[in-house]
Amino acid sequence: MLDRIAHYKSLCAELSLSDTPQSYVGGAFVTGGGAKIALEDPFSRVILTEYPDCGAEIAKQACAASDAAQKVWMADFTAAGRGIVMQKIADIVDERHETLAQVEAVVSGKPIRDCRVEVAKVSEMFRYYAGYTDKLHGQVIPVPSGHLNYTVREPLGVIFQITPWNAPMFTAGWQVAPAIACGNGVVLKPSELTPVTSIALAAICEEAGAPKGLVNVLAGLGPTAGEAAIAHDATRKVVFVGSPATGRVVATSAGKALKPVVLELGGKSANIVFEDADLEAACKGAHAAIFATAGQSCVAGSRLLVQASIKDQFVKMVADGMQQLKVGDPLDKATEIGPISNRRQFDHVTAMVGRAAKDGASVLTGTSHEADALIVPPTILADLPPGSDAAQTEIFGPVVTVLSFEDEADAIRIANSTDFGLAGAVWTNNVSLAHRMAANVRAGTFWVNGYKAIHVSTPFGGSRSSGFGRSSGMDVLMEYTEPKSIWVETAQVPRVAFGYAPSE
């Protein structure tokens, strides 16, 4: 097997990064002095490197640097000029596409085929929002007075963004691109388990011409670096992507500091198959919905709702098909399912499967791998009720709970029976039924005869335990700006709003 440590070090060198992650603050690499954090390759189980937590002081420095750079970004660059810089960022990401994808695969354990797609999407994100930098218009409002009233949309200032370990560079680009397009500065704290590509992205932003400190990255822990950044006076908004439990902690901290938040949290999405569906297509869709990226996706179709009349037939199709999925080394271009990204999550997934078996679930598993990797084989949990733990709790692994339903009303009831509201899908050849399901299933994103189509141009987000706010499309431009209303008196004889007019 490829020497993972040597490969990791060579990739870092190609990106001009230290193989011991450092924070990137004000255009410089900064080494922390806190507790040691280990980066473990989840496939080979070797420790790639260790690095110290950056701590609260470096977080404060990052917020101050972002605040200063944001003012330069708005004062010294035209709106169109900011777009040109963002296009250059995309160009550099494209130039380093393979190196970024390789290091992402090693550190996160995500199959290289997926990493290549996600890196390409990051450059697409910067190009997409580059086109909006000079199109953030206000409006003129015909107020009932002699005033010219108009609005402008202004950046908030410094945005603190926390991103997860399941798609490190993808979620970094997803957050950073619209924030700086709107004129903000960014302090980014990726998961301490997967910081490398986020650090690389920040350095690329400055290489492309962004002011030093516009995008800063904290290599550290939430309770130290994260809490300090939330509390900092310069921070105007907090964006968190991750689990509902941690999201509640972040929202509480932000609330105490009177900072608004956008939360992208978990899901327990219903993938609903009716008896009239194209079952072959639905089977392939079910595989993609839950087994892609080893199920480590917030929109994973982790509840497979199948009409009772076809349940046995369809479950067999899904089970037979998952035996053909390639499980193994994320650096192998043929691999479709890699390891769980870290030990803690692996333990959670395996424990959930074990509890489901004790609760009476029929457990069907697909191909596995001989290596001592953090691999969970594709797994089906059947014969559990909708209220069971496995059907209510986010597992975040390649594990799907199969539930049966009788009719449309029953499918809607079961689909809406969790605390989440992120995504869902329906498979049917009945157009009217498809539209009714889309209207009645609680989800921020809903697919008809497909699953997991996501693009930067359309709004993404959820409700309830899936969070709130939208992080893409035109909607995110409203999240990262605020309107200012300006009144200009134009009347020859102004109306007096208060007090007495001067005597002639």
Side-chain angles (χ1 to χ4, degrees), residues 8 11-12 14-15 17 39 41-43 86 89-129 161-179 188 190-191 193-205 215 217 239 241-242 264 267 288-300 326 329-342 345 396 398 423 445 451-458 460 471-473 476:
Y8 164 73
L11 292 169
C12 289
E14 288 178 34
L15 295 171
L17 300 178
L39 297 190
D41 168 21
F43 182 74
M86 293 185 67
I89 293 170
D91 289 342
I92 298 174
V93 170
D94 285 341
E95 290 167 7
R96 295 175 196 166
H97 175 274
E98 183 61 21
T99 305
L100 290 165
Q102 288 277 335
V103 74
E104 190 87 326
V106 172
V107 175
S108 73
K110 178 170 286 192
I112 186 64
R113 54 187 278 169
D114 296 330
C115 294
R116 286 168 176 154
V117 170
E118 291 189 352
V119 172
K121 287 185 177 180
V122 169
S123 66
E124 182 183 39
M125 294 167 195
F126 280 90
R127 294 193 199 283
Y128 177 79
Y129 285 111
Q161 301 170 331
I162 306 170
T163 51
W165 44 258
N166 63 311
M169 188 168 184
F170 180 89
T171 52
W174 191 263
Q175 308 305 327
V176 170
L188 177 70
S191 167
L193 302 177
T194 53
V196 182
T197 50
S198 297
I199 298 167
L201 182 61
I204 286 171
C205 289
V215 180
V217 178
V239 179
V241 185
E264 289 184 40
I290 187 60
F291 300 136
T293 65
Q296 298 169 107
S297 168
C298 56
V299 298
K326 170 70 173 174
D329 186 344
L331 291 179
D332 183 344
K333 65 181 181 181
T335 295
E336 297 169 291
I337 301 176
I340 300 298
S341 187
N342 57 81
Q345 185 61 25
F396 219 66
T445 299
Y451 208 98
K452 269 195 175 179
I454 292 176
H455 192 260
V456 66
S457 61
T458 190
F460 181 82
S471 60
S472 55
V476 75

Quiz prompt | Nearest-0.5 Å distance, NZ of residue Lys333 to CD1 of residue Ile112 | solution = 11.5 Å
Quiz item: Under 3.5 Å, is there a donor-acceptor pair between the side chain of Lys110 and the main chain of Pro330?
Solution: no
Practice problem: Run the numbers on Asn166 and Phe396 for side chain to side chain contact (heavy atoms under 4.5 Å, CB included), then give the verdict. | Solution: CA-CA 10 Å; Asn166 63 311; Phe396 219 66; 3.7 Å; yes
Self-check item: Taking every non-hydrogen atom, the tightest pair across Ile340 and Ala294
Solution: CD1-O, 4.1 Å
Quiz item: Listed by chain and number, what are the ring-ring contact (aromatic ring centres under 6.0 Å, His included) partners of Tyr129, not counting sequence neighbours?
Solution: none
Practice problem: Output yes when a side-chain donor or acceptor of Ser472 lies under 3.5 Å from a complementary backbone atom of Thr458, and no otherwise. | Solution: yes
Quiz item: Have Asp329 and Thr335 got a donor and an acceptor in their side chains that come within less than 3.5 Å?
Solution: no
Self-check item: Trace of the side chain to side chain contact (heavy atoms under 4.5 Å, CB included) decision for Thr163 with Leu188
Solution: CA-CA 8 Å; Thr163 51; Leu188 177 70; 3.8 Å; yes
Quiz item: Judged by atom type as modelled, is there a donor-acceptor pair below 3.5 Å linking the side chain of Gln296 to the main-chain atoms of Ser341?
Solution: yes
Self-check item: Residue of the set Thr194, Thr197, Leu17 for which side-chain contact (heavy atoms from CB on, under 4.5 Å) holds with Val103
Solution: Thr197
Quiz item: Which is it for His455 and Lys121 under the side chain to side chain contact (heavy atoms under 4.5 Å, CB included) test, yes or no, and what are the steps along the way?
Solution: CA-CA 9 Å; His455 192 260; Lys121 287 185 177 180; over 6 Å; no
Quiz item: What pair of heavy atoms forms the shortest contact from Pro164 to Ser191, and how long is it?
Solution: C-CB, 3.8 Å
Practice problem: Output the distance between atom OG1 (Thr171) and atom CD1 (Ile162), rounded to the nearest 0.5 Å. | Solution: 12.0 Å
Exercise. For residues Cys12 and Val196, report the shortest heavy-atom separation together with the two atoms involved.
Key: SG-CG1, 4.3 Å
Quiz item: About how many Å separate CG of Leu331 and CZ of Arg113, when rounded to the nearest 0.5 Å?
Solution: 14.0 Å
Exercise. Considering only NZ, NE, NH1 and NH2 on the basic side and carboxylate oxygens on the acidic side, decide whether Glu98 and Arg116 come within less than 4.0 Å.
Key: yes
Quiz item: What distance separates His97 NE2 from Glu118 CD, expressed to the nearest 0.5 Å?
Solution: 10.0 Å
Self-check item: Gap separating the OG atom of Ser108 from the CG atom of Asn342, nearest 0.5 angstrom
Solution: 10.5 Å
Quiz item: Between Gln175 (side chain) and Gln161 (backbone), is there a donor-acceptor pair under 3.5 Å?
Solution: no
Quiz item: Are Glu264 and Cys298 close enough that some pair of their side-chain heavy atoms sits under 4.5 Å apart?
Solution: no
Quiz item: When rounded to the nearest 0.5 angstrom, what distance separates OH in Tyr8 from CG in Asp41?
Solution: 11.0 Å
Quiz prompt | Centroid-centroid distance, Trp174 to Phe126, less than 6.0 Å | solution = no
Practice problem: Could you tell me whether the side chain of Tyr451 and the main chain of Val299 form a donor-acceptor pair under 3.5 Å? | Solution: yes
Quiz item: Looking at Arg127 and Asp91, does any basic side-chain N land under 4.0 Å from a carboxylate oxygen?
Solution: yes
Quiz prompt | Within-4.5 Å side-chain heavy-atom neighbours: Ser471 and Val241 | solution = no
Quiz item: When you look at Phe291 and Glu336, which way does the side chain to side chain contact (heavy atoms under 4.5 Å, CB included) test go after all the steps?
Solution: CA-CA 8 Å; Phe291 300 136; Glu336 297 169 291; over 6 Å; no
Quiz prompt | Electrostatic pair Arg96:Glu14 at N-O distance under 4.0 angstrom | solution = no
Quiz item: Can you find a pair of side-chain heavy atoms, one from Pro195 and one from Leu39, that are under 4.5 Å apart?
Solution: yes
Exercise. List the atom of Ser123, the atom of Val93, and the distance in Å for their closest heavy-atom pair.
Key: CB-CG1, 4.0 Å
Self-check item: Closest non-hydrogen atom pair, Leu15 against Ala200
Solution: CD1-CB, 4.3 Å
Quiz item: Is it true that a side-chain atom of Glu104 and a backbone atom of Met169 form a donor plus acceptor pair closer than 3.5 Å?
Solution: yes
Quiz item: Lys452 and side-chain contact (heavy atoms from CB on, under 4.5 Å): which partner among Ile290, Thr293, Thr445?
Solution: Thr293
Quiz item: Looking at Pro168 and Ser198, what are the two nearest heavy atoms and their distance?
Solution: O-OG, 3.9 Å
